[in-house]
Amino acid sequence: MAEIDTFRFTDAEYETRLSRVRAAMEAKGIDTLITSDPSNMAWLTGYDGWSFYVHQSVIIGPSGDPIWFGREQDAQGALRTVWMNEPDLIGYPDYFVQSAERHPMEYLAAKLTERGWHIGRIGVEMDNYWFSAKGFLSLSAGLPNELVDVTNLVNWLRGPKSPAELDRMRKAGKIVERMHARIAEKIEPGMRKCDLVAEIYDASLRYDEGWGFGGDYPAIVPLLPSGADAAAPHLTWDDKKMVTGEGTFFEIAGCFRRYHCPLSRTIFLGKPTQQFLDAEKAVLEGMEAGLEAAKAGNLCEDIAIAFFGVLQKYDIVKNNRTGYPIGLSYPPDWGERTCSLRPGDRTVLKPGMTFHFMTGLWMEGMGFEITESIAIGETGPECLSNVPRKMLVKD
């Protein structure tokens with residue numbers, strides 16, 4: 001007998017999301033919406049599969065349930081994960097896959113025409129990782145009207161999380177706590193970095209009987225540059241040995257049912273330099289200032305201005321944003337790609353919005369990260385995980 005999925009979202013939650021999307025479509029005069037962002041597809045339908053390397057979409061028409069569209073063999077995965085019924089699943093034949101002679105969007109245009117959804121204003125996400133220029137041209141050729149750009153229309157609606165979504169993110173927070181505890185336990189001079197990453201993955205995935213759940217794969221792999229390499233924020237790992245006298249930041253995320261809780265900490269092997277101690281002092285003070293501003297009714301820029309104000313006091317320059325919204329994501333990014341924690345972003349903070357407060361510093365010859373993932377509340381933020389907020393020093 002199959003195990004009951006106690007963490008599955010209810011049909012009522014999906015129906016609420018669908019109604020919100022239709023309201024946003026109506027406000028923009030959109031009759032049919034096509035989303036190719038796998039995070040939006042999952043948020044609207046529950047679909048979960050590693051199939052975003054081929055063309056796929058969810059279509060929201062003028063009425064009825066969403067339509068899942070994808071490779072025919074992946075329709076079996078859709079049948080097992082979405083909340084809709086089988087007639088709402090459209091699979092295209094395999095001879096459309098990576099073909100130089102035909103394109104899956106030609107097939108989608110024909111199916112939209114069959115349903116009478118080919119007329120009116122049809123919106124597509126023109127600027128995302130998963131909808132190609134060829135896809136746009138092929139879909140346009142099969143439809144009578146010019147396509148309308150609805151990039152991030154669904155993404156913005158995903159900002160405030162429901163209680164069920166926050167529960168998933170707190171579970172991801174438990175996982176990232178375990179990941180950082182494993183790093184602190186295992187890291188030592190002479191350990192090969194690839195072996196440390198193996199420990200990180202082990203800690204991120206294993207089922208915990210006390211929790212009643214295990215982990216999922218994150219949208220970004222572990223980032224852990226050391227020494228001068230840590231001046232670059234997005235390097236991964238190699239098979240070299242960890243050495244005394246270097247700092248390493250660990251930007252990692254726990255993930256539960258595609259919901260992420262990123263968290264970064266820095267570890268110094270040996271005696272920290274004054275530059276690291278100064279960076280720690282500034283970041284921790286700035287983070288406290290930013291967290292005080294992280295409450296409903298304030299603006300995204302209020303968090304950033306508070307944080308950057310402290311850095312300025314210490315003559316530290318950070319010329320990049322200091323955070324972004326997080327939640328449900330697929331590779332290559334765990335951000336929601338909407339607002340940012342930066343001066344000038346006047347997006348109003350609402351209860352249930354979730355952010356990675358990314359206070360990382362990448363400076364000449366070093367990098368330093370101590371971050372938090374937070375949920376916005378009426379009077380202040382909730383930190384989604386509990387890991388000591390300090391630089392770890394280990395010989």
Keeping Arg17 on the side-chain end and Leu157 on the backbone end, is there a donor-acceptor pair under 3.5 Å? no
Would you say Glu26 has more than 12 foreign heavy atoms packed within less than 6.0 Å of its CD? no
Separation between CH2 of Trp68 and CG of Leu79, rounded to the nearest 0.5 Å: 10.0 Å
Does Trp362 reach the side chain of Phe368, with side-chain heavy atoms less than 4.5 Å apart? no
How about Tyr324 and Trp334: does a side-chain donor come under 3.5 Å of a side-chain acceptor? yes
Would you indicate whether the side-chain heavy atoms of Met25 and Ile60 approach each other to under 4.5 Å? yes
Test side-chain contact (heavy atoms from CB on, under 4.5 Å) applied to Phe357 and Thr371, Thr322, Ile370, Leu263, the passing residue: Thr322
Checking Ser57 against Ser36: is there a side-chain donor and acceptor pair closer than 3.5 Å? yes
Whether Phe136 and Phe131 hold their rings parallel, tilted or perpendicular, with breakpoints at 30° and 60°: perpendicular
Hey, does the side chain of Arg257 reach the backbone of Ala172 with a donor-acceptor pair shorter than 3.5 angstrom? no
Arg158 side chain to Val154 backbone, donor-acceptor under 3.5 Å: no
Rounded to the nearest 0.5 angstrom, the NZ-CD distance for Lys271 and Gln274 is 9.5 Å
Where the side chain of Lys171 meets the backbone of Phe213, is there a donor-acceptor pair that is under 3.5 Å apart? no
Indicate whether any N or O donor in one side chain lies under 3.5 Å from an N or O acceptor in the other, for Thr354 and Lys161. yes
Are Ile220 and Leu205 connected in a single hydrophobic cluster, I mean Ile/Leu/Val/Met/Phe/Trp/Tyr linked by side-chain heavy atoms less than 4.5 Å apart? no
Is the shortest side-chain heavy-atom distance between Lys350 and Ile376 below 4.5 Å? no
Members other than Val348 in its cluster, when Ile, Leu, Val, Met, Phe, Trp, Tyr link by side-chain heavy atoms under 4.5 Å? Leu299
Check for a donor-acceptor pair, side chain of Thr266 on one end and backbone N or O of Glu369 on the other, with a separation under 3.5 Å. yes
If we only count heavy atoms from C-beta on, is the Glu382 to Glu372 side-chain gap below 4.5 Å? no
Residues Ser385 and Gly173: closest non-hydrogen pair is CB-O, 3.4 Å
Check this for me, if you would: do Arg8 and Glu13 make a salt bridge, where the nitrogen-to-carboxylate-oxygen distance has to be below 4.0 angstrom? no
Kindly indicate whether the side chain of Thr273, heavy atoms from C-beta on, has any atom under 4.5 Å from the side chain of Phe268. yes
For Glu292 and Ala289, indicate whether the former's side chain and the latter's backbone hold a donor-acceptor pair under 3.5 Å. no
Can you list the steps and then say if Phe96 with Leu108 is a side chain to side chain contact (heavy atoms under 4.5 Å, CB included)? CA-CA 11 Å; Phe96 280 90; Leu108 177 57; over 6 Å; no
Pair His103 and His55, ring centroids less than 6.0 Å apart: yes
Are Thr151 and Asp149 close enough that a side-chain donor and a side-chain acceptor fall under 3.5 Å? yes
Heavy atoms from other residues, nucleotides or ligands near CD of Gln312 exceed 12 (cutoff 6.0 Å): no
Contact between Tyr14 and Pro66 at the side-chain level, heavy atoms closer than 4.5 Å - yes or no? no
Side-chain contact, heavy-atom cut-off 4.5 Å: Thr32 with Pro62? yes
Under 3.5 Å, is there a donor-acceptor pair between the side chain of Lys394 and the main chain of Glu185? yes
Strictly distance-based, threshold 3.5 Å: is any side-chain N or O of Arg206 a donor or acceptor partner for the main-chain N or O of Ser204? no
Would a line drawn from the ring center of Tyr92 to the ring center of Phe69 be shorter than 6.0 Å? yes
So, Asn40 versus Asn155: side-chain donor-acceptor pair below 3.5 Å or not? yes
Non-hydrogen atoms of Ala293 and Asp302 that approach each other most closely: CB-O, 3.8 Å
Under 3.5 Å, is there a donor-acceptor pair between the side chain of His260 and the main chain of Ala219? yes
Quiz question: by atom type and distance under 3.5 Å, do the side chains of Glu101 and Tyr95 form a donor-acceptor pair? no
Basic-acidic side-chain contact under 4.0 Å: Glu301, Arg346: yes
Assess, by modelled atom type and distance only, whether the side chains of Asn128 and Glu125 contain a donor and an acceptor separated by less than 3.5 Å. yes
With a 4.0 Å cut-off on N to O distance, would you call Arg168 and Glu165 a salt bridge? no
Side chain to side chain donor-acceptor pair (under 3.5 Å) pairs touching residues 210-239, sequence neighbours excluded, are Lys193-Ser226, Asp216-Arg258, Ser226-Thr248
Please find the pair of heavy atoms, one from Pro222 and one from Leu224, that lie closest to each other, and give the distance. O-CD2, 3.6 Å
Considering only heavy atoms from C-beta outward, does the side chain of Lys313 approach that of Glu285 to under 4.5 Å? yes
Determine, stepwise, if the pair Tyr129 / Phe52 fulfils ring pair (Phe, Tyr, Trp, His ring centres under 6.0 Å). CA-CA 10 Å; Tyr129 309 128; Phe52 41 82; over 10 Å; no
Determine, step by step, whether Leu349 and Lys295 satisfy the side chain to side chain contact (heavy atoms under 4.5 Å, CB included) criterion, reporting the C-alpha distance in whole Å, the side-chain angles of both residues, the deciding distance to 0.1 Å, and the verdict. CA-CA 7 Å; Leu349 300 173; Lys295 55 187 175 183; over 6 Å; no
Provide the closest heavy-atom pair for Ser51 versus Gln56 in the form atom of the first, atom of the second, distance. OG-OE1, 2.7 Å
Step by step, work out the side chain to side chain contact (heavy atoms under 4.5 Å, CB included) result for Phe250 and Ile267. CA-CA 8 Å; Phe250 294 83; Ile267 298 180; 3.9 Å; yes
Smallest separation among heavy atoms of Pro332 and Trp130, with atom names: CD-CZ2, 3.8 Å
Start with the C-alpha gap between Thr35 and Val150, add the side-chain angles, then the distance that decides, and say whether side chain to side chain contact (heavy atoms under 4.5 Å, CB included) holds. CA-CA 9 Å; Thr35 176; Val150 293; over 6 Å; no
Glu336 and Asn152: side-chain donor and acceptor closer than 3.5 Å? no
Is it true that the side chains of Tyr53 and Arg71 contain a donor and an acceptor less than 3.5 Å apart? yes
Where do Ala279 and Leu361 come nearest, in terms of heavy atoms and distance? CB-CD1, 4.2 Å
Do the side chain of Arg265 and the main chain of Pro388 share a donor and acceptor less than 3.5 angstrom apart? yes
